[in-house]
Enquirer: 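I'd like to ask some things about the structure below.
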Amino acid sequence: MTDVQLAAEPAPLKFSPARTALIVIDMQRDFLEPGGFGETLGNDVSLLQAAVGPCGAVLEAARRAGMLIIHTREGHRPDLSDAPPAKLARGAPSKRIGDPGPMGRILVRGEPGHDIVAALAPAPGEVVLDKPGKGAFHQTDLAQILANGGIDTLIVCGVTTEVCVHTTIREGNDRGYRCVAIGDACASYFPEFHRVGLEMIKAQGGIFGWVSDARSFATALAAAAAAA
Ligand code: TIU
């Protein structure tokens with residue numbers, strides 16, 4: 001496919017689909033459904049539903065373009081040996097990481113709550129990347145996967161905007177990747193943090209990335225395919 005011209009802020013961005021990866025951050029039942037980690041922290045998890053449809057549209061467009069697709073999942077080993085004590089002790093949640101809940105143990109790998117929501121289930125051949133932290137580069141093999149794929153640009157969506165999406169974009173930017181947040185395919189438990197989180201990325205001439213939207217992404221890929 002020819003290069004794609006993506007409408008984005010603070011400026012349009014040209015990218016090659018062959019050198020671009022889509023990273024869908026933590027669209028897990030633990031964050032989006034009642035009874036999971038997000039709710040134990042006191043959040044209204046229904047606020048994250050807004051990102052599901054746009055994430056689906058972005059995934060579909062990226063699949064059609066043959067892009068590298070990576071789904072991340074935040075969670076821990078069953079013995080919690082990879083969970084820092086400071087993370088385990090943080091806040092005053094109704095249940096702690098590792099405690100039993102209606103979707104199994106909170107934020108633990110292999111439990112039902114750790115799964116990606118059914119509407120966005122990974123397709124065969126797509127990378128599923130388990131991460132213990134907020135950023136997708138921290139203690140994972142993401143950097144190796146991106147290097148092996150010859151990737152220079154990251155399209156990022158998922159939840160939550162100001163936590164795992166932001167951390168991953170900041171990590172990626174510092175590692176030299178051009179990072180684009182798909183704004184409507186991200187969501188937060190705090191609408192104000194979502195809005196301002198996206199503004200932070202694109203402020204100061206795009207201080208650590210770009211912001212686009214699902215429709216612009218799908219339209220740009222379709223236009224490039226038609227021109228090829
Ligand atoms: N609590 C919150 O907003 N987010 C997280 O704990 N993890 C992710 O953002 N995935």
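The chain is numbered in sequence order, starting from 1. Excluded from the calculations below are hydrogen atoms, water molecules and symmetry mates; all remaining heavy atoms, backbone and side chain alike, are included. No experiment lies behind these values; they were computed from the predicted model shown. Ligands are counted one by one from 1 in listed order, and the atoms in each one are counted from 1 as well.
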Enquirer: Linking I/L/V/M/F/W/Y whenever any side-chain heavy atoms sit under 4.5 Å apart, do Val180 and Leu146 land together?
Expert: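 Not linked; separate clusters.
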Enquirer: Are any of the N or O atoms of Val163 closer than 3.5 Å to those of ligand 1?
Expert: no
Enquirer: Could you tell me whether the side chain of Thr72 and the main chain of Asp26 form a donor-acceptor pair under 3.5 Å?
Expert: yes
Enquirer: Applying the 4.5 Å side-chain criterion to the ILVMFWY set and letting contacts propagate, would Ile25 and Val117 be lumped into a single cluster?
Expert: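 Different clusters: Ile25 never reaches Val117 through Ile, Leu, Val, Met, Phe, Trp or Tyr contacts under 4.5 Å.
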Enquirer: Are Tyr189 and His194 near enough that their ring centres are under 6.0 Å apart?
Expert: no
Enquirer: Is Thr219 reaching over with its side chain to a backbone N or O of Ser216, donor-acceptor style, under 3.5 angstrom?
Expert: no
Enquirer: Consider every N or O of Glu162 and every N or O of ligand 1, then say whether any pair is closer than 3.5 Å.
Expert: no
Enquirer: Is the shortest N/O to N/O distance between Tyr189 and ligand 1 below 3.5 Å?
Expert: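 Among all N and O atoms of Tyr189, none is under 3.5 Å from an N or O of ligand 1.
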Enquirer: Heavy atoms only: which of Thr40, Val159, Thr160 is nearest to atom 2 (C) of ligand 1?
Expert: Thr160
Enquirer: Does NZ or CZ of Arg175 lie under 6.0 Å from the centre of the six-membered ring of Phe137, at an angle within 45° of the ring axis?
Expert: yes
Enquirer: Is there a polar contact, in the sense of an N or O pair closer than 3.5 Å, between Lys134 and ligand 1?
Expert: yes
Enquirer: Using distance alone, determine whether Glu74 and ligand 1 share an N or O pair under 3.5 Å.
Expert: yes
Enquirer: To the nearest 0.1 Å, how far is atom 8 (C) of ligand 1 from its closest protein heavy atom, and which atom is that?
Expert: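 Nearest neighbour among protein heavy atoms for atom 8 (C) of ligand 1, to 0.1 Å: Cys164 SG, 2.6 Å.
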Enquirer: For ligand 1, is there an N or O atom under 3.5 Å from any N or O atom of Ile25?
Expert: no
Enquirer: Show the atoms of ligand 1 that are less than 4.0 angstrom away from any heavy atom in Asp26.
Expert: 8 (C), 10 (N)
Enquirer: Looking only at atom types and distance, does a side-chain atom of Asn43 sit under 3.5 Å from a main-chain N or O of Val45, one as donor and one as acceptor?
Expert: no
Enquirer: I need the nearest protein heavy-atom contact for atom 5 (C) of ligand 1: residue, atom name and distance, please.
Expert: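 Checking every protein heavy atom, the shortest distance to atom 5 (C) of ligand 1 gives Phe31 CE2, 3.5 Å.
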